[in-house]
Amino acid sequence: MKAFIIDRYGKKEVGRIGEMPDPEVRDDDVLIQIHAASINPLDSKIRSGEFKLILPYRLPLILGNDLAGTVVRVGARVRDFKPGEEVYARPDDDRIGTFAEFIAVKESLVAPKPANLSMVEAASLPLVALTAWQTLIETARLKKGQKVLIHAGSGGVGTIAIQLAKHLGAFVATTTSTANVAWMKALGADVVVDYKQQDFATVLRGYDVVLNSLGTNELNKSLQVLKPGGHLISISGPPTPAFAAARGLAWPLRQVLRLLSFGIRKKAKKIGGEYSFVFMRADGAQLREITSLVESGAIRPVVDKVFPFQDTHKALAYVDSGRAKGKVVVRMM
């Protein structure tokens, strides 16, 4: 099958389209013909080698972390899916590879595609929607009436997290650039901080939750926004000992992560707060819940640009440029 692959790690590695073996279909797998897959910043981080200690992939590697497509074949133990069904999924992070014609995904990670979405729209959702769900619902336990700051509201995670937080009844603030202020308000944000004109740390106070996807500077300043007992959640690091334990990482690596996150954990504790790092995991049951929210109109995907499969490298470069609003999708067929 045709696939977009990298042969080595490195910031200058562009990737190429080449032939790869068809996926092995295990007894609990669903073989999916991929119609569309979306680009995530995670793809570039994997390509550059940032995750090779945590996710030791074998090269050459097919990139791609979420998809929408049609079931082609199912394993002997699969009961919930049949050939011909339209589905979407985020594969296990040790079996990625959605920039390809086919992929085998564990049945428990797959969900029916929302009926009101195209394949392109559905492909834009799994990773970012699961991230929003696992940060706001699972980790923060966000409740009606609470205040949440969602950084980078115009990004892939931000656009979905704002909608999910509003659905939960929260008061939502977000940060974005001048050009996106009106759009963020239209998406549902109650307060929009233009980071080119204002410093969010001087404007916002008394927040229950902050969802950070930016750098160390924004992470530290986010503590000023939290009320005592508030919860700072980051999807961009630094990872915590709890994350290392959950991943079953080797003891030396656990100690490295403990040191990396020691400062921010200590600062959060000092204000009576909590710091968590979330590295989203694939989960078909949560995707089914997200499907219901999409079909009810509570969440709608935001797709910026669509690239043909042969231009996957251009799609990755566009996301790397930081100009994308919402998601960028690669169409396979």
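Sequence positions, counted from 1, serve as the residue numbers for this chain.
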From CA spacing to verdict: side-chain contact (heavy atoms from CB on, under 4.5 Å), Ile46, Leu61: CA-CA 10 Å; Ile46 290 171; Leu61 172 68; 3.8 Å; yes
side-chain contact (heavy atoms from CB on, under 4.5 Å) between Arg258 and Phe262, worked out: CA-CA 6 Å; Arg258 182 182 296 278; Phe262 176 77; 5.8 Å; no
Test side-chain contact (heavy atoms from CB on, under 4.5 Å) applied to Thr240 and Leu257, step by step: CA-CA 6 Å; Thr240 58; Leu257 298 189; over 6 Å; no
Worked check of salt bridge (Lys or Arg N to Asp or Glu O under 4.0 Å) between Asp92 and Arg281: CA-CA 7 Å; Asp92 257 333; Arg281 68 182 190 282; over 6 Å; no
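Between atom CG of residue Asp283 and atom OG of residue Ser108 there is a gap of 8.0 Å, rounded to the nearest 0.5 Å. Between Met333 atom CE and Met119 atom CE the span is 8.0 Å, to the nearest 0.5 Å. Atoms CG and CG, on Asn65 and Asp93 in that order, are 8.0 Å from each other to the nearest 0.5 Å. Rounded to the nearest 0.5 angstrom, Glu218 CD and Tyr195 OH are separated by 9.5 Å. Once rounded to the nearest 0.5 Å, the distance linking CD of Gln163 with CG of Leu168 reads 12.0 Å. With rounding to the nearest 0.5 angstrom, the CE atom of Met280 is 13.0 Å from the CH2 atom of Trp133.
In this structure a side-chain-to-backbone donor-acceptor pair under 3.5 Å is present from Asn116 to Val294. Using a distance-only test at 3.5 Å, with no hydrogens or angles considered, no donor-acceptor pair links the side chain of Thr176 to the main chain of Val181. Put simply, the side chain of Glu13 never gets that close to the backbone of Gly10: no donor and acceptor are under 3.5 Å apart. Judged by distance alone, with hydrogens and angles left aside, the side-chain atoms of Asp43 form no donor-acceptor pair with the main-chain N or O of Ile39 at under 3.5 Å. Of the possible donor and acceptor atoms, one in the side chain of Glu295 sits under 3.5 Å from a partner among the backbone N and O of Ala115. Formation of a donor-acceptor pair under 3.5 Å by the Gln198 side chain with backbone atoms of Val203 is not found in this model. Checking side-chain atoms of Ser38 against main-chain N and O of Val330 turns up no donor-acceptor pair under 3.5 Å. Side-chain N or O atoms of Asn180 include none that pairs as donor or acceptor with a backbone N or O of Ser154 at under 3.5 Å. At least one donor-acceptor pair closer than 3.5 Å links the side chain of Thr139 to the backbone N or O of Gln134. Within the 3.5 Å criterion, the main-chain N or O of Phe4 finds no donor-acceptor partner in the side chain of Thr312.
Minimum interatomic distance between Thr174 and Ala152 (heavy atoms only, all atoms of both residues): OG1-C, 4.3 Å. Contact record, Pro23 with Leu31: CG-CD1, 4.0 Å, taken as the closest heavy-atom pair. Here the closest heavy-atom approach between residue Pro60 and residue Asp7 is recorded as CB-OD1, 3.7 Å. Here the shortest heavy-atom pairing between Tyr318 and Arg323 reads CD1-NH2, 3.6 Å. Nearest heavy-atom pair across Ser276 and His231 is OG-NE2, 2.7 Å. Residues Lys113 and Tyr88 share a closest heavy-atom pair of CA-CD2, 3.9 Å.
Leu249 and Leu53 fall within a single hydrophobic cluster, where Ile, Leu, Val, Met, Phe, Trp and Tyr side chains are chained together by heavy-atom contacts under 4.5 Å. A continuous path of hydrophobic side-chain contacts links Val319 to Val128 [ILVMFWY only; heavy atoms under 4.5 Å]. Taken together through direct or relayed side-chain contacts under 4.5 Å among Ile, Leu, Val, Met, Phe, Trp and Tyr, Val14 and Tyr57 form parts of separate hydrophobic clusters. Neither Val329 nor Leu42 shares a network with the other; the hydrophobic side chains, linked directly or stepwise wherever heavy atoms of I, L, V, M, F, W or Y lie under 4.5 Å apart, form separate groups for each. Placement of Ile5 and Ile17 in two distinct hydrophobic clusters is found when ILVMFWY residues are connected by side-chain heavy-atom separations under 4.5 Å, directly or transitively.
For the pair Phe99 and Ile34, the minimum side-chain heavy-atom distance is 4.5 Å or more. Proximity of Ile32 to Thr98: side-chain heavy atoms (C-beta onward) are nowhere separated by under 4.5 Å. Using a 4.5 Å heavy-atom threshold, the side chains of Leu293 and Leu164 count as touching. Here the side chains of Val193 and Leu149 are not in contact, with every heavy-atom distance at 4.5 Å or above. Within the 4.5 Å cutoff, side-chain heavy atoms of Leu63 are placed close to those of Ile6. At a threshold of 4.5 Å between non-hydrogen side-chain atoms, the residues Leu287 and Leu125 do not count as touching. Side chains of Arg26 and Glu24 form a contact here, defined as non-hydrogen atoms less than 4.5 Å apart. Side-chain contact between Val278 and Thr131 is absent, with no heavy atoms from C-beta onward closer than 4.5 Å.
A salt bridge is defined here as a Lys NZ or Arg NE, NH1 or NH2 lying under 4.0 Å from an Asp or Glu carboxylate O, and Glu101 with Lys2 fails to meet this definition. With salt bridges taken as basic N to acidic carboxylate O contacts below 4.0 Å, none links Lys11 and Asp320. Electrostatic pairing of Asp94 and Arg58 does not count as a salt bridge here, judged by no charged N lying under 4.0 Å from a carboxylate O. Between Asp29 and Lys106 there is no salt bridge, since none of the side-chain N atoms of the basic residue sits less than 4.0 Å from a carboxylate O of the acidic one. In summary, Lys327 and Asp304 do not engage in a salt bridge, as defined by a charged side-chain N under 4.0 Å from a carboxylate O.
For the salt bridge (charged side-chain N to carboxylate O under 4.0 Å, His left out) criterion with Asp208, the lone passing option out of Lys227, Lys144, Lys147 is Lys227.
Shown here is Arg141, whose CZ atom has no more than 12 heavy atoms of other residues, nucleotides or ligands within 6.0 Å. No more than 12 heavy atoms of other residues, nucleotides or ligands shown are found within 6.0 angstrom of CZ on Arg331. The local environment of CZ in Arg73 is sparse, with at most 12 non-hydrogen atoms from other residues, nucleotides or ligands closer than 6.0 Å. Within a 6.0 Å radius of NZ in Lys166, more than 12 heavy atoms belonging to other residues, nucleotides or ligands are found. Counting heavy-atom neighbours within 6.0 Å of Lys185 NZ, excluding the residue itself, gives a total of 12 or less.
Under 3.5 Å, the side chains of Asn212 and Ser222 contain no donor-acceptor pair of N or O atoms. The closest side-chain donor-acceptor pair between Lys196 and Thr178, if any, does not fall under 3.5 angstrom. A donor-acceptor pair shorter than 3.5 Å cannot be found between the side chains of Ser118 and His35. Side-chain contact annotation: Thr175 with His151, donor-acceptor N/O pair under 3.5 Å present. Side-chain contact check for Asn40 and Lys45: no donor-acceptor pair (N or O, by modelled atom type) lies under 3.5 Å.
Between Phe171 and Tyr207, the ring planes lie tilted relative to each other; the angle falls in the 30° to 60° range. Using cut-offs of 30° and 60° on the angle between ring planes, the pair Phe243 and Phe277 is perpendicular.
In summary, the aromatic rings of Phe279 and Phe51 are positioned with their centroids under 6.0 Å apart.
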